[in-house]
Amino acid sequence: MTNGTEAGAPAPRPNDERYDAQTIEKKWFERWQHDASLYAAEPNSTKKKYYVLEMLPYPSGALHMGHVRNYAIGDALARYMWMNGYNVLHPMGWDSFGLPAENAAISNNTPPREWTLRNIANMKAQMKRLGFAYDWSREVTTCLPDYYRWNQWFFLRLYEQGLVYRKKSKVNWCPKCATVLANEQVVNGCCWRHEDTQVEQRELEQWFVRTTKYAEELLRDLDRLQGWPEKVRTMQRNWIGRSEGTLVDFELEGNAGPAGSKISVFTTRIDTIFGATSVQLAPEHPLVADFTRYNQPLGASVQQLIAEQRKAKETGDIGEIEKHGVNTHRYAINPFNGERIPIWIANYILMDYGTGAIMSVPAHDDRDYDFAQKYKLEIRLVILPVGNDPEETMAEPKLPFTTHDGMVINSGPYSGVSCAEAVKKMTAYAEEKGFGKATVTYRLKDWGISRQRYWGTPIPMVYCEKDGIVPVPEKDLPVILPENVKVTLAGGSPLGDVPEFVNVTCPKCGGPARRETDTMDTFVDSSWYFYRYTDARNDSAPFDGKIAQYWFGDRGIDQYIGGVEHAILHLIYSRFWTKFMRDLGMITNDEPVERLFTQGMVIKEGRKMSKNLGNVVSPDEMVARYGADAARLYSLFAAPPDRDLDWQDTGIEGIQRFLGRVYRFFIRNARPDHPDWHKPAPAELSPAARAIQRKLHQTIKRVSDDFQGRWHFNTCISAIMELVNALYAAEEAIARNAVPVSFLADVQRSLVLLVAPFAPYLAHELWEMLGEKGNLLKAPWPQYDAELAKEEEIEIPVQVNGKLRSRVTVAADADETFVLERALADDKVKAAIAGKQLVKKIYVPGKMVNLVVK
RNA sequence: GCGAAAGUGGCGGAAUUGGCAGACGCACCAGACUUAGGAUCUGGCGGGUAAAACCGUGGGGGUUCGAGUCCCCCCUUUCGCACCA
């Protein structure tokens, strides 16, 4: 151990003081490899639990900087909680089913399993090199049977509960993935993975999970998720898209068609129904087929409308579609006034929302107004907005009025009541007469989970000619995904080409049957993986409920950290799964995640990193050049974690320099062999030592407060830098023995602890340098003392008429009279107020003085 | 179109509650040490001025003794939603 210097002599700065991250990190990396229990959560602990989770990665081959940032945040928190005495669960796993493995299989002839496991090995090694403190004994790999068998087990439970069903439906088909996408995976009409590939529509038999059963609860419980970003809650609320309204049946005039004699429309504005001047059908509405059967020209027009709508949907421009429609010359009867109104077919009416039919009220709906203008349909005023002058409005209405705040007019017996009142009364009337009822519609759809792909969880179902659809008995799970399958991107599941997989005997009758060849959407895997972590090696159940109960408590995972791109899909499916498991009696919590944190992206030169732009920063390269500590610390220092981070290569060099400064300070000042080193620090300190002490306690406060609060680790690190700068400034005082060694030992110990969550390698090295033997991870977090953090003297700015004129230095506890006296005695202040009348003296205690003069 | 967040030096960012704008770091400049410096240490660093004055947090107004922070209007950027009846 290098000793400090003799009193009075300036500190020598030999070359071996150089901070060599590679050597230090290699040393600790090797030690940590040999201690698997280092980061293990304690199984039967009386300590308070803390479950911190980062979103598990897809094993694409290598980590990127976004991962490093995500995990650096979680790791800092985990280490902080350990040091605060919690029993911490900090696991990691692999979201390892999915299409890229198949693409890789095709392009370089490697089986998906091999490719995936190799990527996992590589990324795991990267994580270890970065020093992340994961409990690897709980590692979850979703593509292995010991995990996906439980997906199958859950599928059987869903089936028993009637929560999964088969339905023939139009599906979104991505030609590049050669598979079905859930609605949620379609972004602006394109595939969420292939942003430039338009999604097509195909008709297929699919398995659907009845997520809509929980729509109401998923919406309601969003209000409880106070630890989630408002933004995410809003996105989920929009996604669920709850809408209260009324279903109203319009009879068809004349001969009823075979599809029925009524058109059911959904409206949120039944109060405007006396203003309905047409009924509009979606081009794909079932009734349309009847209308076009003996009407060739109409059929052609409808085809046109369908094509327009489809194209608009595919390009994501459905919001701006140019409205087109065609008059069927059929009529519907308004049940409220018996009036016959024309039935139109229009390209902006969507079949997959509500009933696919609407009543058109041009005077009180923007869209209907546009449409009526274009086709010269009647526009009838039935709402008078509050605050409008009736006569003026009647004479020259500035339509459309879409407000709910108004009075119903021209509406028979309802004229004169408020909109809200009319909705109630008219709905009640419709229910009484049997032609309508109050309804709630959701934008949220059931979750289509079938994928015509190989690399996923086989759906445990069998099709028997005699018995139909038969679930695979639980004892036969898992249905193993066969290997050596020829993967192609042609349509249909590759599993269909594997006879030994497909051909089975029916579990019921023993006769010949076919296995389901579709696999599950990978969002199934990630919907419950965090429960598996609590009991990852259980081979008789997905997990033990009691163990999950300990880690999830009543409110779920204490802190979940990941990208905002998962704000809807992953998190809504996870919430669904939790509610489903709760209703199965497996768990007691209603929600999976108490606190959610969404970190910003890592960008460079103002743009997202991408291979195309050639601005990708490789973690491996950063670690090789600057070390893991520097890479991690910089990813926390460069921006607050919730904001985007603009990566600058010179920025990380600054961080490396800082780590070097810390290291060199310890090289010079860690003196565990000194006789005073382990003695308690004296209560009375010299001014130089007192200054350090004050700074130290201020720093502890700042760092601790941020961990508890807003997580601005960038300012925490700044604070630690300030402390280190203060120590450098004090080195002369240290050299002349004006700072007691025992006190300096305390300061250094605290500094190591403050650094430990952010730069674990260096912290461990320094800890050892201080002569400490115990596990740094379990060393208690330093506590600050408000008294010691207090300044003894403060500088008070003095303003005259709001402009800074001078500063006066006073004791921290000086009273107002004294401070004002000093301020008025100051020469610069005197000059500023000379010849003027002092009208007001403002003193904000400890902050500032403002003198108002005339 | 609707909603949210943001806009501060050459750059990343600080200022947590209305109270010294620019902490901390990068870049740059100067000095020290040095055979050397892409190491290290010290100092400087919003504009402006000889120094001051003065100006300065996207733009314009307002409230206040005092505004980056609060209110009103506008501009720009990012994100989310978008004929959802």
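Order of the sequence lines fixes the chain letters, A, B, ..., with proteins taken first and strands second; residue numbering starts at 1 for each chain. Because the structure is predicted, anything quoted here is derived from the model rather than measured.
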Taking any heavy-atom pair under 4.0 Å as a contact, classify Arg237(A): base, sugar-phosphate, or nothing.
nothing
Generate the contact string for nucleotides 1-15 of chain B. Rules: B means base contact, S means sugar-phosphate contact only, - means no protein heavy atom under 4.0 Å.
----------SBSSS
Classify the nucleic acid contact of Gly654(A) as base, sugar-phosphate or nothing, counting any heavy atom under 4.0 Å across all strands shown.
sugar-phosphate
Any base atoms under 4.0 Å from Ile717(A), or only sugar-phosphate, or nothing? Heavy atoms, all strands.
nothing
At 4.0 Å (heavy atoms only), tell me whether Asp368(A) reaches a base, stays on the sugar-phosphate, or touches nothing.
nothing
Would you mind telling me which of Glu795(A), Gln799(A), Arg807(A) makes a side-chain contact (heavy atoms from CB on, under 4.5 Å) with Met848(A)?
Gln799(A)
Near RNA chain B, under 4.0 Å by heavy atom, which residues of residues 275-285 of chain A?
none
Would you please test Gln280(A) and Tyr348(A) for side-chain contact (heavy atoms from CB on, under 4.5 Å) and show each step?
CA-CA 9 Å; Gln280(A) 306 277 343; Tyr348(A) 70 97; 4.3 Å; yes
Which part of the nucleic acid, if any, lies within reach of Lys841(A) when heavy atoms closer than 4.0 Å are counted: base, sugar-phosphate only, or nothing?
nothing
Base of C65(B) paired with side chain of Asn850(A) (donor-acceptor, under 3.5 Å):
yes
When all nucleic acid strands are considered with a 4.0 Å heavy-atom cut-off, which category describes Val844(A): base, sugar-phosphate, or nothing?
base
Is the NZ or CZ atom of Arg595(A) positioned over Trp228(A)'s six-membered ring, under 6.0 angstrom from the centre and within 45° of the axis?
no
Side-chain N or O of Arg657(A) versus OP1/OP2 of A39(B): is the shortest distance under 4.0 Å?
no
Ionic contact status for Arg702(A) with Glu722(A), cut-off 4.0 Å
yes
Looking at every strand, decide which applies to Met848(A) at a 4.0 Å heavy-atom threshold: base, sugar-phosphate, or nothing.
base
Judged by whether its glycosidic angle lies within 90° of 0, G9(B) is syn
Which part of the nucleic acid, if any, lies within contact of Arg807(A), taking any heavy atom under 4.0 Å across all strands shown: a base, the sugar-phosphate backbone alone, or nothing?
base
Report the stems of RNA chain B as range-with-range entries sorted by first number; a stem here is at least three consecutive pairs, Watson-Crick or G-U wobble, both distances under 3.5 Å, and write none if there are none.
B:1-7 with B:75-81, B:10-12 with B:24-26, B:28-32 with B:40-44, B:58-62 with B:70-74
Does Arg661(A) count as lying over the ring of Tyr728(A), i.e. NZ or CZ under 6.0 Å from the six-ring centre, within 45 degrees of the axis?
yes
